[in-house]
2 protein chains.
Amino acid sequence: MPIHPPRSDALTDTNPASVATTRPLPQLSAELIAVIVAVTGDSPRILTLDRGLRLPSGPFETGHRSLQAGVRSWVERQTHHALGHIEQLYTFADQDRLEDPDPKQVISVSYLGLTLEAPASGDPGVGWQGWYRYFPWEDHRQGLPGVLGPILDALEQWVHRAHSVEVRRARTRRVHHTFGVGGERWNEEWTLQRYELLYEAGLVQESLRRQNRFPAERRLATGEAMQHDHRRILATGIARLRAKIKYRPVVFELLPEAFTYLRLQKAVEALAGRRVHKQNFRRLIAFQKLVEPTGGMENKTGGRPARLYRFRRAVLQERIMAGSKLPLARLE
Amino acid sequence: MPIHPPRSDALTDTNPASVATTRPLPQLSAELIAVIVAVTGDSPRILTLDRGLRLPSGPFETGHRSLQAGVRSWVERQTHHALGHIEQLYTFADQDRLEDPDPKQVISVSYLGLTLEAPASGDPGVGWQGWYRYFPWEDHRQGLPGVLGPILDALEQWVHRAHSVEVRRARTRRVHHTFGVGGERWNEEWTLQRYELLYEAGLVQESLRRQNRFPAERRLATGEAMQHDHRRILATGIARLRAKIKYRPVVFELLPEAFTYLRLQKAVEALAGRRVHKQNFRRLIAFQKLVEPTGGMENKTGGRPARLYRFRRAVLQERIMAGSKLPLARLE
DNA sequence: CCAGTTATACTCACAATGAGCATTAAATGC
DNA sequence: GCATTTAATGCTCATTGTGAGTATAACTGG
């Protein structure tokens, strides 16, 4: 199935619509890209094509009633996975999209969707990948991840490559703040900023690829790359989701009908890449009346059996956008 | 200056790029729309064209380096107002855009910008308008606004026009929740949801216009309408800004270099459409070290002179996206 | 001097949160 | 059957954050 239609150069120059305006209108096309997230056990996973190299995506077509309908259609065509609620992430049309020397403009519109993982089908290469494969430095559940050391060393070198003192100072501060070192604290929501910093510092494959440079001796431990700017879009999705779970009850979209408190907590921790205090977590969930007991029990816990709960869908009505906080607001 | 170029129907049918894909690619164009906000005294204002009927906007053109560059260019061309930081609001391409029976697809990308008000120039009709002119029910600084009564009555009627009990019940609940009545509390962030509810209930001019119905006897006090869906975009901008001032120090973009606590508070209240407790507001601002005294005083206060402060730009570095809360989190 | 107006300091009660201890209920290995 | 392990669940306590109010200071116009 052809994902990207071959581009034609016809029509690029004379666009009749441009006669009356000051500048010509470009030959536009729109690309729809989806970040589809699920949580399996304690691993946050995303739906990918080409064995993890790309996100589901395709052009906005005439048959599509809306952008959202277009994304749905592409994800379902490519992965045979039905989607629930999806939300828009970001739109851009910067000329710096990779591997596309064609002067025609492409507008990329990305979406974030949450589901339960289902066995993938569709084209070969379709499947679920843990998102920390692309961002190993983002998982702080076991304390500071090992990859962080080499990354900070490389960033240190990048700081020193700057020519003026002011630039070096600014870079140092930026590294400290985004990565939570030097007296600063780690903020898991800054996934995008961290990725962009690594990109600018030439520490991810995508930025080297762009300059036709390839990491030779310098073997970077900065996660798997993706095609085009899909990894940046994924970073945007992770950041958005990490921010959102704190004030809206979206985790439940990633859980089955009945679940234990621990499973809920593990899902939150998986997404946030941080651990939370168990007792306080329960207290907060219970206090907000987000869930109600199903009556059933789970006894494959390895210890005392756990009560099963279900999400009280009513809260979506009660507080359409209101707070349903998770104990991530402060530092652990 | 022609804002919207005349549309041509040539090229609509045979697009060579569509040959290899399953469905034809539409003849696309992108419209860039800007919500530019300032606060003057205690009135939140937006930059408009056509005496308040439209927001600055124009098509994405070949010369534009990026979407953001395109918006800037349009705003500056149309209003001669230089912009500072702007951020993306939303993108859509739904077929239900008004007054456009043309089957060609238009993708609308909207942006939100914050500035200081400067005397407007450019085309005649360019100027600043208070935003409560379009949303009179959104200003709760003097308690419940008078327009709210008739609006709720009209919504009541809409509830009763539903045919089944379930629909009536659902509508009632929706009205209660979005408008904060019937035991619920007003949430100023739901500006968009309220507008959409009024739209669906046929209580804003835009929705009647769409069905070629015009409010005859039923004189609606639901604010000034705008062209196309610009009022909806404005509602999106207001909602975003109201949410954002609570966790990011963006109000300062709307204030001059030096300001008093009261002026800062008035700006926050203007945006939020709510009042806040003065002493606690000061405490919160002071505690967070968001500002530092300039040393100067303001003595046209009408009472005891007030200290002047400036925003500590350093906090933007210190907490790139971190919390800088304003006392709006809870209800007043 | 006064009343009126606004700025600013401070207090108090209570809710929310982080951290930890203690107890309970099951499975598992011996 | 019993000790051990694992996890669920209940509870306390100190600290901080927040809403609300009182008190005082510093100016204006009469």
Side-chain angles (χ1 to χ4, degrees), chain A residues 41-42 140 185-188 245-247 258-269 272 274-309 319 322-332, chain B residues 41-42 185-186 188 245-247 258-269 272 274-309 319 322-332:
Chain A
D42 52 7
H140 287 222
R185 45 174 55 168
W186 175 263
N187 186 330
E188 76 279 353
I245 50 171
K246 292 183 191 168
Y247 59 93
F259 49 84
T260 64
Y261 270 141
L262 186 61
R263 171 129 191 214
L264 172 59
Q265 182 181 344
K266 290 286 180 201
V268 168
E269 292 178 336
R274 279 194 7 210
R275 268 189 298 191
V276 299
H277 186 282
K278 192 175 187 171
Q279 296 93 316
N280 292 347
F281 182 82
R282 316 180 103 259
R283 178 175 62 186
L284 201 56
I285 300 297
F287 176 73
Q288 293 181 98
K289 302 204 173 55
L290 288 174
V291 298
E292 61 193 1
T294 64
M297 300 289 276
E298 165 69 60
N299 27 20
K300 281 162 287 178
T301 57
R304 171 173 169 176
R307 251 191 278 270
L308 285 169
Y309 294 86
R319 33 187 134 172
S324 68
K325 296 181 294 184
L326 292 173
L328 293 165
R330 308 284 158 72
L331 231 277
E332 177 177 302
Chain B
D42 53 7
R185 44 174 56 168
W186 174 265
E188 76 279 352
I245 49 171
K246 291 183 192 168
Y247 59 93
F259 50 83
T260 64
Y261 269 140
L262 186 61
R263 171 127 191 217
L264 173 59
Q265 182 181 345
K266 290 286 181 203
V268 168
E269 291 178 336
R274 279 195 6 211
R275 269 192 298 195
V276 299
H277 187 281
K278 192 176 187 172
Q279 295 92 318
N280 292 346
F281 182 82
R282 318 180 101 263
R283 176 175 64 185
L284 202 55
I285 300 297
F287 175 74
Q288 292 180 100
K289 302 203 173 57
L290 287 175
V291 299
E292 60 193 1
T294 65
M297 299 289 277
E298 165 69 59
N299 27 21
K300 283 161 286 179
T301 58
R304 170 174 170 176
R307 250 193 280 271
L308 284 169
Y309 294 87
R319 32 189 135 174
S324 67
K325 295 182 294 184
L326 293 174
L328 293 166
R330 307 285 156 72
L331 231 278
E332 176 176 299

Participant: Less than 4.5 Å apart, any side-chain heavy atom of A/Lys246 and any of A/Glu188?
Facilitator: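 They are in side-chain contact.
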Participant: Quick one: do A/Gln265 and A/Lys278 satisfy side chain to side chain contact (heavy atoms under 4.5 Å, CB included)? Show the steps, please.
Facilitator: CA-CA 8 Å; A/Gln265 182 181 344; A/Lys278 192 175 187 171; 3.5 Å; yes
Participant: Taking protein heavy atoms under 4.0 Å as touching, what does nucleotides 5-13 of chain C look like 5' to 3' if B marks base contact, S marks sugar-phosphate-only contact and - marks none?
Facilitator: BBBBBBB--
Participant: Atom CG of B/Asn299 and atom C1' of D/dA26: how far apart are they, to the nearest Å?
Facilitator: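 Roughly 11 Å, once rounded to whole Å.
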Participant: Decide yes or no for B/Tyr309 and B/Leu290: does some side-chain heavy atom of the first lie under 4.5 Å from some side-chain heavy atom of the second?
Facilitator: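 Not touching, per the 4.5 Å side-chain cut-off.
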Participant: If you check every side-chain atom of B/Leu284, which of C/dG20, D/dT18, D/dA20 has the closest atom?
Facilitator: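 Of all the options, the side chain of B/Leu284 is nearest to D/dT18.
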Participant: Rounded to the nearest Å, what distance is computed from the CG atom of residue B/Leu308 to the C1' atom of nucleotide D/dC27?
Facilitator: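 Spelled out: CG on B/Leu308 to C1' on D/dC27 is 15 Å.
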Participant: Quick check against the 3.5 Å criterion: does A/Glu269 have a side-chain atom that pairs as donor or acceptor with the backbone of A/Val276?
Facilitator: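 Pair found, side chain donor or acceptor close to backbone of A/Val276.
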Participant: Please report the closest heavy-atom contact between B/Arg307 and B/Pro293, naming both atoms and the distance.
Facilitator: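 Residues B/Arg307 and B/Pro293, closest heavy atoms: CD-CB, 4.4 Å.
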Participant: B/His277 NE2 to D/dG17 C1': how many Å, rounded?
Facilitator: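 That distance rounds to 15 Å.
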Participant: If I compare all heavy atoms of A/Ala258 with all of A/Leu308, which pair ends up nearest, and what's the gap?
Facilitator: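 Closest heavy-atom pair between A/Ala258 and A/Leu308: C-CD2, 4.2 Å.
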